[in-house]
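Reading through the structure tokens given below for one structure.
In what follows, chains carry the letters A, B, and so on, assigned in the order in which the sequence lines appear, proteins first and then strands, with residues in each chain numbered from 1. Everything numeric here is computed off the predicted structure, so don't read it as measured data.
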There are 2 protein chains.
Amino acid sequence: MTDSRHTRIRSTARDVAQALGVSQSTVSRAFTEDASVSPQTRAAILRMAGSMGYKPNALARGLITNRSKIVGLVSGSVGNPFYADALQRFSQHLQQRGYQTLLFTAPAGHDVDALLPVVLQYQVDAVIVLSAPLSVATAEACERANTPVILFNRSLSGAKAHTVACDNMASAALVADWFAALDCRRLAFVAGRDDTSTNRERLQGFSSRLRERGMPLWRVVAGGDFTYEAGYRAMQTLLTTPDDAPDAIFFANDIMALGGIDALKLDQETASPRRPHTPSIVGFDGIAMGGWASYQLSTIVQPLEEMVAAAVRIVTDPPPEGQLVEAKLPGTMMVRVSASAPPASPEQSTRAAVLL
Amino acid sequence: MTDSRHTRIRSTARDVAQALGVSQSTVSRAFTEDASVSPQTRAAILRMAGSMGYKPNALARGLITNRSKIVGLVSGSVGNPFYADALQRFSQHLQQRGYQTLLFTAPAGHDVDALLPVVLQYQVDAVIVLSAPLSVATAEACERANTPVILFNRSLSGAKAHTVACDNMASAALVADWFAALDCRRLAFVAGRDDTSTNRERLQGFSSRLRERGMPLWRVVAGGDFTYEAGYRAMQTLLTTPDDAPDAIFFANDIMALGGIDALKLDQETASPRRPHTPSIVGFDGIAMGGWASYQLSTIVQPLEEMVAAAVRIVTDPPPEGQLVEAKLPGTMMVRVSASAPPASPEQSTRAAVLL
DNA sequence: GTGAAAGCGCTAACAC
DNA sequence: GTGTTAGCGCTTTCAC
């Protein structure tokens, strides 16, 4: 009926109003939580709306209220299950609080800055940036557009953006403590992308705690990125000098650690002579796969649920104008077979790493 | 300046127009591909817009054009990496064609039908349903709202919805063929959720091809759902009668197969006496983890990129009114170590399955 | 090629 | 409690 140029015949508030002989604004009120409408009128309107398939147009509402109830979620790659998980939780939390998630992903090799103009065109109430760096210029553009930016698991010094992250430094220190408890001596760190704050902070937290304890950081291997393959290759690098392998390795994230474990397994079976012991391995993130039987990965578990909740809270209950939230939540050490006991004989630790 | 009730001071077309002494409609034209504006005016407007940080409000545009350029992507769980991958590709493809992705995920245990009213409120140009069943009633509600529905990897007989899926029947038949080539005799199928079309079709394709070949389907195990844990337990079930284990197992998806492989590994090491041979294992999906060193999973690879492209094409170039697309794309068999050779002695096949 | 005017569907004063 | 009115930011006739 009220069709315009394109075919989209959804009924409008006016249709409902006409059908009931009330005014269009009364219909609007019936759909607004605490507007003054008599219970009867509201009931009648809701009933009629139901039968006509009417629901308020969220876009039109956003236009006038100046709040779209849409949050832009900008993400790098979701190849890492940790971010797939985060994505899902964000969507859930926002949904539950009446917000919707407009998803943007950066094409491989591009960074997310290019996406932001488009995000802003959709009048999002906030932008959440996941696992990706953001330039200061872009952050400022958002500020000019009056759109709060929340960096999730990344920090950006000097920029006008909220940040929510795991306390990487403190958590990484726990790994150093654990390796000390296991009496490991030759310690290695496998880095991810070294232009990320996560990578830098994890390395720094690990190495400073070691320094405090008077333990040397024996070796740092550049992984290149945060992938399984990078972890696999890094482990191969660590094993090239057979007599001189590390006895404990901290990987910058879980996926890399899984690659490392696989490379190690292969080495265990083919190397001759057998190595004197199996190195302990610890990751970072707490992805589900780390708990799988083939891996039994010890790791730092990020408090993902709390982190997501904290980020969403910034959207739903914004802090006073000009005030920036900087939340750092504590990670917890989860000990599994991959780093559960002092270095032992090959048989024993092979059994542990490979079988359980 | 033109602020209203809430604080959102983004500049509007009118601001740009005033600054330049042109009319607001001219500004609008400058941002419309083939509208009649003189090159000079357009250039001036674009320059001024750039410096003022103006971009057309996509919501207001959608309100009047009746096309929001937003697609609702409704998903069950993204715990399965196959769907995380699909999600990312959808977002990319849509973005590239000027559409945005509004993401909705169903809370665990709930189905997606409850989400659709909200999706429709956002005036999406189409709804894509990922890995989740949709009731006929809901599909009809979308039809009434004139919003096309695309079911991805699920079918819904009798409903007014487009479907894009892998040809599960034909692909599952390939698995039967391969098991036949390997001369396997005792064949098992591990099912996922049996209220899903994917599960039913994979089982049916597998079993009918076996029947055609005169081979019995030795056993069907109910997994319960499509998770790692379900696959793990199913394998344990299959191994309870030691002398009577299957020599080939087809899992309804990859994640389950990985669970199965892990359960099998544990059994290989602990069972005494050792089993006569290691069963061949095949999964379905083609997730990256299947290629990891610990698993080397043989599987049916779904043509995900093509499937996503096909689904997106329905959105961007809609078929003639009333015509429903039903795309079934072929899967391909990917042979890896988990099902690479006829059943062999324990040593040999253990090496193969565990180490490579 | 450009401006004036109408109106997309809705909310929010403002009257009564 | 309800109707009337204005107007969110934009696209699109319709004049000129």
Rounded to whole Å, how long is the line connecting atom CG of B/Asp15 with atom P of D/dC10? 9 Å

Between P of C/dT11 and CG of B/Leu63, the distance in whole Å: 12 Å

Rounded (10°) bend between the five-pair end axes of the helix from C/dG1-D/dC16 to C/dC16-D/dG1: 40°

Base, sugar-phosphate alone, or nothing: which one does A/Ser38 contact when heavy atoms must sit under 4.0 Å apart? sugar-phosphate

So, the side chain of A/Asp125 versus the backbone of A/Val71: is there a donor-acceptor pair under 3.5 Å, distance only? no

Could you please name the option among C/dG1, D/dC10, C/dC10 that lies closest to any side-chain atom of B/Thr12? D/dC10

Between B/Asp34 (CG) and D/dT12 (P), how many Å, whole number? 11 Å

Nearest-Å distance, CG (B/Leu20) to P (C/dT2)? 11 Å

5' priority, DNA chain D, between A/Gln24 and A/Val37 [closest heavy atom]: A/Val37

Check whether A/Gln88 reaches the backbone of B/Thr105 with its side chain - one donor and one acceptor, N or O, closer than 3.5 Å. no

Starting the side chain at C-beta, find the nucleotide from C/dC8, C/dA4, C/dC10 nearest to B/Ile64. C/dC8

Mark yes when over 12 heavy atoms from residues, nucleotides or ligands other than A/Arg42 sit less than 6.0 Å from its CZ; otherwise mark no. yes

Selection from D/dT2, C/dC10, C/dG3 that lies nearest to any side-chain heavy atom of A/Arg29: D/dT2

Separation of D/dG7 P from A/Leu59 CG (nearest whole Å): 22 Å

Mind running ring pair (Phe, Tyr, Trp, His ring centres under 6.0 Å) on A/Phe82 and A/Phe226 for me, showing each step along the way? CA-CA 11 Å; A/Phe82 178 75; A/Phe226 283 109; over 10 Å; no

Between CZ of A/Arg61 and P of D/dG9 the distance, given in whole Å, is 18 Å

My understanding is that only residues two or more places apart in sequence, or in another chain, count here; which of them pass side chain to side chain donor-acceptor pair (under 3.5 Å) with A/Thr32? none

What's the closest nucleotide to the A/Thr65 side chain, out of C/dA12, D/dG9, D/dT11? C/dA12

May I ask you to say what B/Ser25 touches in the nucleic acid, namely base, sugar-phosphate or nothing, with a heavy-atom cut-off under 4.0 Å? base

Starting from P on C/dG9, measure out to CZ on A/Phe31 and report it in whole angstrom. 15 Å

Within less than 4.0 Å of OP1 or OP2 of D/dG3, is there a side-chain N or O belonging to A/Thr26? yes

Distance, rounded to the nearest Å, where A/Lys69 contributes NZ and C/dG9 contributes P: 23 Å

Could you tell me whether A/Ser28 contacts a base, only the sugar-phosphate backbone, or nothing, with contacts defined as non-hydrogen atoms closer than 4.0 Å? base

Which donor-acceptor pairs under 3.5 Å do the side chains of residues 97-104 of chain B make with protein atoms, sequence neighbours left out?
none

Is there a side-chain contact between A/Ser23 and the phosphate of D/dT4, meaning an N or O under 4.0 Å from OP1 or OP2? no

If every non-hydrogen atom of B/Ala86 is compared with every non-hydrogen atom of B/Val308, which pair is closest and at what distance? O-CG2, 4.3 Å

Base, sugar-phosphate alone, or nothing: which one does A/Thr41 contact when heavy atoms must sit under 4.0 Å apart? sugar-phosphate

Which is true for B/Tyr54 with a 4.0 Å heavy-atom rule: it touches a base, it touches only sugar-phosphate, or it touches nothing? sugar-phosphate

Do the side chains of B/Glu305 and B/Arg89 get close enough for a salt bridge, i.e. N-O under 4.0 angstrom? yes

Ignoring the backbone of A/Ala60, work out which of C/dG9, D/dT12, D/dG3 is nearest its side chain. C/dG9

